Amino acid sequence: MKTLLTSKFAVIRDPEKCIQCQVCVNQCSFNANYFDAEENEVKSRNENCVDCQRCVVFCPTMAITITNTPLEYRYHRNWTASVIDDINKQAETGGVLLTGMGTDKDYPVYWDHLLLNASQVTNPSIDPLREPMELVTYLGSKPQKLEIDERTLELRTKMPPQVKLNVPVMFSAMSYGAVSLNVQKSLAKAATEIGTMWNTGEGGLHSSLKKYGSNTIVQVASGRFGVHSEYLNSGRMVEIKIGQGAKPGIGGHLPGEKVSSEVSLTRMIPEGSDAISPAPHHDIYSIEDLLQLIHALKEATNYTKPISVKIAAVHNAAAIASGIVRGGADMVVIDGFRGATGAAPKIIRDNVGIPIELALASVDSRLREEGIRNKASIVISGGIRNSGDVIKAIALGADAVYIGTSALIALGCHVCQQCHTGKCAWGICTSDLKLTKRINPDVGSQRLINLLRGWSLEIKDILGGLGVNSIESLRGNRLHLRGVGLSDSELEILGVRPAGR
Amino acid sequence: MTADNNTTFKIDASGIYYRDLNEKLRELIANGTHNIELINICGQRYIGTDLDKPVNIDIYGTPGNDMGAFMNGPVITVYGNAQDGCGNTMNEGKIIIHGHAGDITGLSARGGKIFIKEGVGYRAGIHMKEYKEKKPVLVIGGTAQDFAGEYMAGGIMVLLGLNLREGEKYPAKFIGTGMHGGVIYLRGGVEDYQLGKEVGIAELDEKDREILNQLVAEFCAYFSYGIETIMNRNFIKLYPRYLRPYGRLYAY
């Protein structure tokens, strides 16, 4: 069938600069650049270009520019180019539209409507370059009160297991199979060096990553791939994945093409077979059932590891989180609707779930009202872009955040949203061995370490400006936030005052 | 405290909280106890979880949910009925139930064997999977409820239907829905409408018979049945028609 889809981008090659070296041809995994042997010239197929910028960055003479294709559909408020393209794609294939990354729709970003305070005159700001500034965060359930032996001054209360983070930023779950082993190595190595955690996602743990165990969160999702007692005990924490912000309410299919021999080894399924994660966990149909799995995992790890439960931010997130905490979870993770994915139906990515800022505020408020906020840490994820977002999240009530896309961008991702194709030219979201070697775990981990070093310095600067010397003092302290351009009900949900008041 | 291989350690579990019971089991096994007898078990959960050794545990009473969840080695024999989640995500070991078991028996099991004398609840053997030499086995003497073998990705399930009278049908519908691996051997027959649309029916071949004979022999040994009385009826083999049931679902 002739496709009615048109090119989205144009590859423009400056003939003055191009030396016909074919680097762009070799770098492009989408076949958008090719060498025409007859005319002895490098050329482009615009219809294949996804604007991943790989050739632009690697062209030795900087001869390439990629632009949006000059041919634009006639303006229509309703029938935009992406709507027309999607209809054509489905008319040609009859399938569910698949996409990658987080939603690119124009929903409000509440972080950009929240502003932080700073000390002026009435309390002094602190200079973090010369005074101690504490970013250490402990994840895990905290007791209602501490009992201390008056004579020996030793702690009598038996503390539930805690996980120490030097920076309240962790790397979110990205499974081996969705991302390459070199990506996981980069994340694991960086997390270990920084003193934070990375997360296996639902794909098992590759044997070469076991040495990073004390900085690893192992995930248990509905497919139970690679889950066995050794796996559960090799991490520092176990996370039950109920849902994900990019695709709340649905399961996942890792297509057989991506289940290479190495991926099959950690997922413990035959090579080339589909890895199907059912939509629900079939042993969890209620909060009581979740309680049962939480405690099964506690039993399986002999109560030595905190158990986390991750859900997508949905309408009743606050009530669900309350159930999760009452079910015995030591940590609740809420993934907002901007959270990314290796592959999800586009219609779900773009239409299901709620903004993380509102979900976080309502969950934190609810747990406080019920007097159970101490029983579990709150971690959020889904579109955290910079240290400003991190610090606002902590002021709204989070203990820490997970970053996924930001970490991948640090590794080279240019957010072209082609994760689902398995052709990632940056070697991130692919299992093609020709492409995966484009990530060097030594370089990759250094870039991640640098990123979090930069964020830590900025967080300390902001804390100093607020006049506090510990991240603990900011946690849930919404008086440090003010809203701009928000309605009364949005302000009420966020629990912040409007700027100027 | 040490123990040799032949002594049996007996625990009266009346009134013991599951956490304390499982703690005690961990302690006993760490000290080398090989045979344990639990009497008056009543609803204690997670028995056998986190016990990574091939010890024998005999249970008298009714163990609670998730017995043998994530289990990796022990042989558990229950003289009574098991509840939901028996053998959940089990990796290695054996569970023998002299009675019936509840829902999701053997969910996501990756290895080990489960033998149930009577019937099981809903979604038995759901998403069992196999990898190389690891192949979970679930043998059910009675019948299963709906969605038996759903999403099955590997392993072997045997449904004997010994409680069915002549001409009586299996109660289950949606058998093997979404199945994309493994095999179900079913004694007697089922109607087409009882099967998931991804399931095919075939005659057993030589190799199937060999596997089935071994499993039935083991079943008979545990529950004192005569092999002939079980093998006297025809068996059918249910298999996944597609290894990639959802291959043509998406537009890229």
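From a predicted model like this one, the values you see are computed outputs, not experimental measurements. Reminder, nothing fancy here: chain letters follow the sequence lines and each chain counts from 1.
Between atom CD1 of residue A:I276 and atom CE of residue B:M179 there is a gap of 12.0 Å, rounded to the nearest 0.5 Å. Distance CD/A:E230 to CG/B:N91: 9.0 Å, rounded to 0.5 Å.
Both the backbone and the side chain of A:S264 come within less than 4.5 Å of a heavy atom in chain B. The parts of B:L249 that come within reach of chain A are both its backbone and its side chain, each placing non-hydrogen atoms under 4.5 angstrom from that chain. B:E23 touches chain A through its side chain: at least one heavy atom from C-beta onward sits under 4.5 Å away, while N, CA, C and O do not. Residue contact with chain A, scored on non-hydrogen atoms closer than 4.5 Å, involves the side chain of B:Y151 exclusively. If you measure heavy-atom distances from A:L232 to chain B, the contacts under 4.5 Å come from the side chain alone.
By the 4.5 Å heavy-atom criterion applied to side chains, A:R224 and B:H127 are not counted as neighbours. At a threshold of 4.5 Å between non-hydrogen side-chain atoms, the residues B:R19 and A:E299 count as touching.
Between chain B and the residues A:A275, A:G95, A:G272, A:A343, the largest count of heavy-atom pairs under 4.5 Å involves A:G95. Ranked by non-hydrogen atom pairs under 4.5 Å with chain A, the options B:H180, B:E92, B:R45, B:R110 are led by B:R110. When B:L107, B:N72, B:D103 are compared by the number of non-hydrogen pairs under 4.5 Å with chain A, B:L107 comes out ahead. Each of B:T49, B:D84, B:L51 has some count of heavy-atom pairs under 4.5 Å with chain A, and the biggest count is that of B:T49.
Taking each heavy atom of B:T89 and A:V227 in turn, the nearest pair found is CG2-O, 3.9 Å. In this structure, A:P270 and B:Y131 approach most closely via the heavy-atom pair N-CD1, 4.1 Å. For the residue pair B:S108 and A:S222, the shortest heavy atom distance occurs at OG-O, 4.5 Å. Between A:L98 and B:Y250, the closest heavy-atom pair is CD1-CD2, 3.5 Å.
Under the 3.5 Å distance criterion, the side-chain polar atoms of B:Y46 are matched with a main-chain donor or acceptor of A:Q292. Side-chain N or O atoms of B:K129 include one that pairs as donor or acceptor with a backbone N or O of A:G223 at under 3.5 Å.
Contacts of B:K53 classified as side chain to side chain donor-acceptor pair (under 3.5 Å), with partners at least two apart in sequence or in another chain: none. For A:Y285, the ring pair (Phe, Tyr, Trp, His ring centres under 6.0 Å) partners two or more places apart in sequence, or in a different chain, are A:H282.
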